[in-house]
Amino acid sequence: MARDPQFVMRYMEELEQLAEDVLSDKQQIVDLDKKRNSNREALAALHKKTTAPASSQNKTWLNFGGVFLKLPKKSAITMLQSDQAELDKEISQIRDNLHNKVNKLRDAQGESDLLGYGLHPLSKAELNRVMH
Amino acid sequence: MSDKKLTKEEIVEGFNKLRQEQRTLATRIAQMESDKGEHGLVIEALEQVNGDRKCYRLVHGVLVERTVKEVLPALSQNKEQITSYVEMLTKQLVDKGKALNAYRVKHNVSVRGENGDGEKPKSEENSNSKSASGVLVSN
Amino acid sequence: MGAVDAQVRLELQKEFDEIQKVQKEIQKSAELQKKLDSQLNQNTVVKDELEFLEPESNVYKLTGPVLVKQDLGEAKGTVSKRIEYISAEIKRQETLVADLEKQLNKHKESVSKIQAKATAVAH
Amino acid sequence: MEGDSKVVESKPHLGIPEAVFVEDVAKYLKEQGSCTCEEALKKLEENYQKYKLMEVNLLQKKQRLKQQIPDLKSSLDIVKHMKSIEGTDTTMTTNFFLSGALHAKAKIPPTKEVCLWLGANVMLSYSIEEALGVLNKNYTTAISHLDSVNKDLEYLRDQFTTTEVMLARLYNWNVKQRRAAKATTNGSDSK
Amino acid sequence: MAVDMELRKAFSDLQMKMVDTQNQMRISDGQINAMMVEKKKTELAISEVSSVPEDAKMYESVGRMFVLEPKATVMKNLEAQHKLTDTKIKELEAKKLYLEKSVKSSEENLREMVLQRRK
Amino acid sequence: MSAKQGQEINLTTLQLPQLKMLHDQFDSEIEYLTSSMQSLKGAQTQFESSKRCLLKSMTPENEGKSVLVPLTSSLYVPANLVDTNKVLIDIGTNYYVEKNISEAEEFFKRKSDYVKQQMEKFQPILQHKFKTRQLIVEVMQTKLLAQSKQQKSDQKK
């Protein structure tokens with residue numbers, strides 16, 4: 001164990017930072033995806049209602065934070081769709097980045113195995129989450 | 001009150017009471033400081049716009065429509081009041097700290113895991129906090 | 001002696017690991033149950049409110065960011081289903097915990113058995 | 001974090017001092033100005049408390065931003081919509097949040113004016129265009145602030161780890177040192 | 001010995017009652033303080049509103065909404081509020097006075113008990 | 001609680017560490033109950049203030065009235081109050097119900113009463129826990145005192 005401990009410390013920190021970064025990105029994707037799903041649900045509900053003859057009004061209540069605005073269905077749909085497009089973009093952006101980060105993490109940890117430090121900067125569960 | 005007959009519990013109780021008061025003061029100062037900061041931000045924002053612009057001020061549940069140039073002086077005055085209030089509270093906090101130390105020496109109270117003025121930094125650190133209701137974003 | 005000692009230690013360690021694992025699972029289930037309980041509570045409150053309403057009342061369900069009008073009967077049905085589901089899930093968790101506790105006791109018994117055996121050998 | 005180097009980049013984290021890690025405790029003590037181990041421990045302990053304080057402040061800030069961001073986003077969305085109908089004679093109907101679980105209905109006639117709450121009990125009237133600009137700017141600022149707060153928190157967490165390790169090292173070293181001292185005095189006694 | 005026990009019990013009961021009353025007094029104090037602050041704020045609002053020109057628009061806050069009201073109405077409501085806090089303060093002070101008396105008589109009783117015990 | 005007497009006797013037979021554990025357990029229970037009480041109290045105040053808001057603003061006189069309406073917590077616009085004979089109530093789990101004013105008033109009253117009832121149920125339990133904890137502390141103190149006396153006399157020997 002003649003390695004420079006300072007190097008080990010920094011290395012550990014580096015790994016942890018990378019892993020944390022990856023985890024928080026994943027969380028963000030999950031959150032955004034949740035939002036996308038609820039938007040999708042809303043869009044489905046809006047489309048369903050247009051086919052229903054009973055509700056002939058072509059307006060709907062759309063929620064913005066705490067307030068509901070009565071909007072023509074058309075505008076509501078457009079707004080939701082543009083929101084979806086934005087979410088799609090954001091998610092794929094994070095995903096692309098994440099791919100790189102995971103690769104980097106994998107590299108870094110592979111090295112740690114090679115060097116045989118026996119470090120455990122990540123628990124198994126965390127590793128699984130990171131690596132799928 | 002003569003304190004020659006104080007029991008151990010009473011000494012500790014008195015000490016904790018003083019500490020609690022000190023803490024309350026520190027929190028209050030932090031609140032006021034953040035209030036002051038908020039005033040500063042708003043004043044800054046208002047100074048950049050036309051004085052004739054419509055501007056509302058809420059006073060105890062009544063929202064009055066005024067103009068920027070009417071509201072600004074009131075705000076500055078308010079800020080000054082807060083400043084002097086903070087000064088007063090800070091003086092009280094210092095006095096409280098002294099009283100606490102005197103009490104500590106007199107009754108030979110030792111505190112675990114903390115040193116003399118461990119409470120102090122709080123009021124300084126909190127100075128840039130701000131309430132979330134407004135639209136302005138603090139640094 | 002040393003070999004026996006090591007053997008015993010290994011066995012004990014294994015049991016302890018198992019115990020820890022089971023305890024963690026019990027804790028997890030307890031947390032889940034707490035969450036389910038509050039969900040059940042919330043839905044029951046909503047159900048009660050729906051029962052209070054006149055049949056022609058306007059009921060809306062927030063779907064995503066859209067407020068969609070829903071038939072009172074349908075709303076009652078949905079909430080009842082949720083309650084049913086949550087109750088079933090709570091029951092499932094309860095049996096799971098009971099099972100886990102059985103396992104836990106078994107492991108604890110093993111530990112005392114191993115320890116008893118070890119002291120017997122030592123003497 | 002770009003994180004393309006194997007060395008921890010010493011980015012300026014707004015006045016958060018970096019915790020140092022040293023292998024050789026004796027050398028460390030010398031670097032600290034030849035203080036006793038107890039003094040060094042106390043100093044580290046103090047630093048640790050300072051980090052804790054910073055963490056509390058940062059967490060508060062984060063909490064505030066996390067509240068503010070969705071609110072700004074909603075405001076932005078609404079004003080965007082108002083912009084899109086500006087100049088038409090569209091009356092907006094709203095069910096607004098009045099109190100607790102209570103929503104009431106109001107009609108918003110065509111308007112060129114919105115009010116933004118600045119804080120300190122002051123609300124300022126804006127044209128829609130202007131409001132859009134202010135909200136947009138504040139929204140981006142808030143998001144980037146949240147980002148930097150998160151980074152600072154991560155950085156702070158590393159300083160915690162380093163300080164904890166150093167505390168443990170110093171503590172152990174101190175114990176060993178004392179034990180050694182005791183052993184030598186005991187040894188000389190028995191001679 | 002048995003008498004002593006009884007006395008002790010009575011003593012501690014009385015003490016407990018006193019502590020309870022003192023707590024209530026502290027609560028009353030807090031309420032009075034809060035009301036005083038409220039009153040002060042109302043006074044400030046009254047002076048602020050009366051300094052505003054008659055035709056200035058003003059709103060009363062209801063929940064999170066603001067409702068447009070004429071100045072006269074706002075003033076009337078503020079005055080009513082002011083009066084209300086005043087009566088509340090008076091009520092609370094009367095209550096506090098009563099509690100004070102109760103504490104005093106409890107103290108008196110305790111003292112007597114101690115004296116009796118000494119005999 | 002019928003076990004009260006029994007508990008009292010039981011306590012003195014316990015060892016100090018056990019008492020400490022029991023004390024801590026009561027501590028956390030009390031903390032939990034107190035915070036529940038606080039949130040209940042908060043809920044009650046909210047229902048009450050919602051009711052007051054409702055009665056103050058949702059009146060026929062206020063129909064069409066000029067207001068500044070909150071669209072978010074920081075965005076207000078000039079608007080007119082309409083349909084003051086009914087409101088939309090959030091009854092939980094994403095369900096909203098339209099109610100007329102008296103129905104809404106009843107709703108808030110019902111909620112507030114329910115919460116009050118809950119608090120009344122908790123209050124004696126909390127009180128009892130306080131008392132028991134106090135008892136535990138007393139027993140602990142007596143034990144500690146006895147222990148230190150014992151030690152002193154041991155030292156004298």
Side-chain angles (χ1 to χ4, degrees), chain B residues 1-2 5 7 9-10 13-14 16-18 20-21 23-25 27-29 31-32 35 39 42-43 46 51-86 88-89 92 131-135, chain E residues 12 15 18-19 22-23 25-27 29-30 33-86 88-89 103 107 114:
Chain B
M1 263 227 235
S2 66
K5 264 193 152 183
T7 65
E9 283 79 25
E10 282 170 321
E13 204 179 302
N16 283 339
K17 199 178 152 226
L18 275 172
Q20 189 51 49
E21 285 165 359
R23 222 165 283 159
T24 315
L25 271 173
T27 329
R28 190 74 158 281
I29 291 174
Q31 268 170 14
M32 287 295 125
D35 214 19
H39 273 74
V42 174
I43 289 171
L46 289 186
D52 291 323
R53 189 133 137 208
K54 219 196 270 176
C55 183
Y56 302 80
R57 184 152 185 258
L58 182 65
V59 189
H60 193 54
V62 182
L63 188 75
V64 187
E65 186 186 300
R66 312 293 301 264
T67 57
V68 167
K69 64 171 184 287
E70 284 167 329
V71 168
L72 258 176
L75 266 186
S76 305
Q77 200 196 337
N78 217 334
K79 193 185 165 201
E80 254 157 55
Q81 274 170 3
I82 298 170
T83 310
S84 58
Y85 187 50
V86 168
M88 191 189 84
L89 286 177
Q92 280 181 20
S131 90
S133 63
V135 73
Chain E
S12 76
Q15 211 170 19
M18 221 172 92
V19 169
Q22 273 165 341
N23 272 339
M25 259 173 75
R26 220 166 292 144
I27 293 170
D29 264 338
N33 263 337
M35 275 297 148
M36 291 285 214
V37 172
E38 181 78 12
K39 193 178 151 187
K40 193 89 179 246
K41 278 187 180 165
T42 314
E43 279 163 12
L44 274 173
I46 288 174
S47 83
E48 169 94 8
V49 170
S50 44
S51 75
V52 172
E54 289 302 314
D55 60 345
K57 275 197 199 169
M58 54 186 76
Y59 302 76
E60 274 188 354
S61 70
V62 183
R64 295 192 25 202
M65 154 182 83
F66 296 108
V67 182
L68 185 71
E69 297 287 359
K71 182 174 168 180
T73 314
V74 172
M75 280 304 270
K76 200 186 80 201
N77 288 343
L78 281 174
E79 300 284 4
Q81 223 174 303
H82 191 249
K83 223 174 239 162
L84 192 71
T85 38
D86 240 0
K88 272 194 186 154
I89 289 171
V103 169
E107 269 174 353
V114 174

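Every chain is numbered from 1, with letters handed out A, B, ... down the list of sequences. Predicted, not measured: the structure shown is a model, and the values here were computed from it. Computation of the quantities below employed the complete heavy-atom set of this structure, encompassing side-chain atoms and omitting hydrogens, waters and symmetry-equivalent molecules.
Taking non-hydrogen atoms and a 4.5 Å limit, the residue list of residues 38-51 of chain E in contact with chain B, ordered by number, reads Glu38(E), Lys41(E), Thr42(E), Ala45(E), Glu48(E), Val49(E). For a heavy-atom cut-off of 4.5 Å, chain B lies close to Ala56(E), Lys57(E), Met58(E), Tyr59(E), Glu60(E), Ser61(E) in residues 55-63 of chain E.
Environment of CD in Gln81(B): crowded, with over 12 heavy atoms of neighbouring residues, nucleotides or ligands closer than 6.0 Å. Residue Arg28(B) qualifies as open at atom CZ: its count of foreign heavy atoms under 6.0 Å is 12 or below.
When heavy atoms are compared at a cutoff of 4.5 Å, Leu78(E) approaches chain B solely by way of its side chain, counted from C-beta outward.
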